[in-house]
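Just so it is clear, the values below take in all heavy atoms, side chains as well, and ignore hydrogens, waters and symmetry mates. Counting starts at 1 for both ligands and their atoms, following the listed order. Position 1 is the first residue of the sequence, and the numbers go up from there. Because the structure is predicted, anything quoted here is derived from the model rather than measured.
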Amino acid sequence: MVQLSTGEMLRDNIARGTPLGLLVEPILAAGDLVSDEIVIAMIREKLSSMDSIRVIFDGFPRTSAQAKALEMLLEELSAPVSSAPLLEVPEDELVERLLERAKIEGRDDDNPETIRNRFKVYLEKTQPLIDFYAARGHVKPISGLGTPDEVYSRLKSVV
Ligand code: AMP
């Protein structure tokens with residue numbers, strides 16, 4: 001399966017200094033969401049260039065508008081969603097991990113202030129998607145605690 005991470009695509013544009021990268025750089029630095037139009041267009045372009053749609057969406061969809069657009073897009077491509085794994089990790093543990101990642105990857109948005117905003121944005125905009133996918137029977141809750149290998153094997157069992 002191909003992993004499609006909208007965050008990675010955006011960071012790649014920032015690193016290459018493209019017009020899109022210049023536009024979104026301050027948005028990522030603040031931990032806000034890039035506009036639905038931009039993100040949906042990026043995903044649409046990627047999917048349309050693929051022969052077979054076997055994809056793990058990472059960090060997408062993050063809003064109801066994105067989820068609805070994805071649903072329509074996948075319908076057009078006759079590629080139904082098989083599952084929406086819900087990785088459950090307590091907030092304290094997540095903050096610890098993000099601060100640890102800051103030391104390794106040096107991501108601009110892994111600092112305490114931006115992390116706080118990303119949680120706020122998640123609760124407001126993204127958490128409601130759990131109901132959206134639960135209503136379609138796609139949500140598979142798994143614990144995100146433990147070693148990467150442990151989480152990976154739980155994830156594999158629901159994908
Ligand atoms: P991530 O790598 O998934 O943690 O995303 C890093 C940042 O990229 C987010 O905080 C947003 O600013 C932006 N971003 C990534 N994916 C999306 C998305 N689906 N919708 C809007 N903004 C996004």
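- Using a 4.0 Å cut-off between a side-chain N of Lys or Arg and a carboxylate O of Asp or Glu, Arg97 and Asp110 do not qualify as a salt bridge.
- For ligand 1, the atoms sitting less than 4.0 Å from at least one non-hydrogen atom of Gly7 are 2 (O), 5 (O), 15 (C), 16 (N), numbered in the order shown with element in parentheses.
- Neither the backbone nor the side chain of Glu25 has a heavy atom within less than 4.0 Å of ligand 1.
- The two residues Val55 and Met1 come nearest to each other via the heavy atoms O-CE, 3.8 Å.
- Contacts between Val39 and ligand 1 below 4.0 angstrom, taking non-hydrogen atoms only, involve the side chain exclusively.
- Of the N and O atoms on the side chains of Thr114 and Asp109, not one donor lies less than 3.5 Å from an acceptor on the other residue.
- Closest heavy-atom approach to atom 6 (C) of ligand 1 within the set Arg107, Lys125, Arg118: this belongs to Arg107.
- For ligand 1 and Gln66, the ligand atoms under 4.0 Å from any heavy atom of the residue are 18 (C), 19 (N), 20 (N), 21 (C).
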Tell me, with the steps shown, if Phe119 and Leu94 meet side chain to side chain contact (heavy atoms under 4.5 Å, CB included). CA-CA 10 Å; Phe119 272 114; Leu94 287 176; 3.8 Å; yes

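- Residues Glu150 and Leu145 come closest through the heavy atom pair OE1-O, 4.5 Å.
- The Asp109 neighbourhood of ligand 1 comprises atoms 6 (C), with distances under 4.0 Å to a heavy atom of that residue.
- Any N or O atom pair closer than 3.5 Å counts here, and Asp32 shares at least one such pair with ligand 1.
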Determine whether Met9 and Leu4 satisfy the following criterion, side chain to side chain contact (heavy atoms under 4.5 Å, CB included), listing intermediate values before the conclusion. CA-CA 8 Å; Met9 292 180 208; Leu4 285 189; 3.9 Å; yes

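- Annotation: atom 22 (N) of ligand 1 to nearest protein heavy atom, Val34 N, 3.1 Å.
- Cluster membership for Leu70 and Met50, using ILVMFWY side-chain heavy atoms within less than 4.5 angstrom, is shared.
- For the pair Arg136 and Phe132, the distance from NZ or CZ to the six-membered ring centre is under 6.0 Å and the angle to the ring normal is within 45 degrees.
- Within the set Met42, Met9, Arg62, the minimum heavy-atom distance to atom 9 (C) of ligand 1 is found for Arg62.
- For atom 8 (O) of ligand 1, the closest heavy atom belonging to the protein is Leu28 CG, 3.4 Å.
- Scanning the protein for heavy atoms near atom 2 (O) of ligand 1, the closest one is Arg11 NH1, 2.9 Å.
- Among Asn117, Thr114, Leu10, Thr6, the residue whose heavy atom lies closest to atom 14 (N) of ligand 1 is Leu10.
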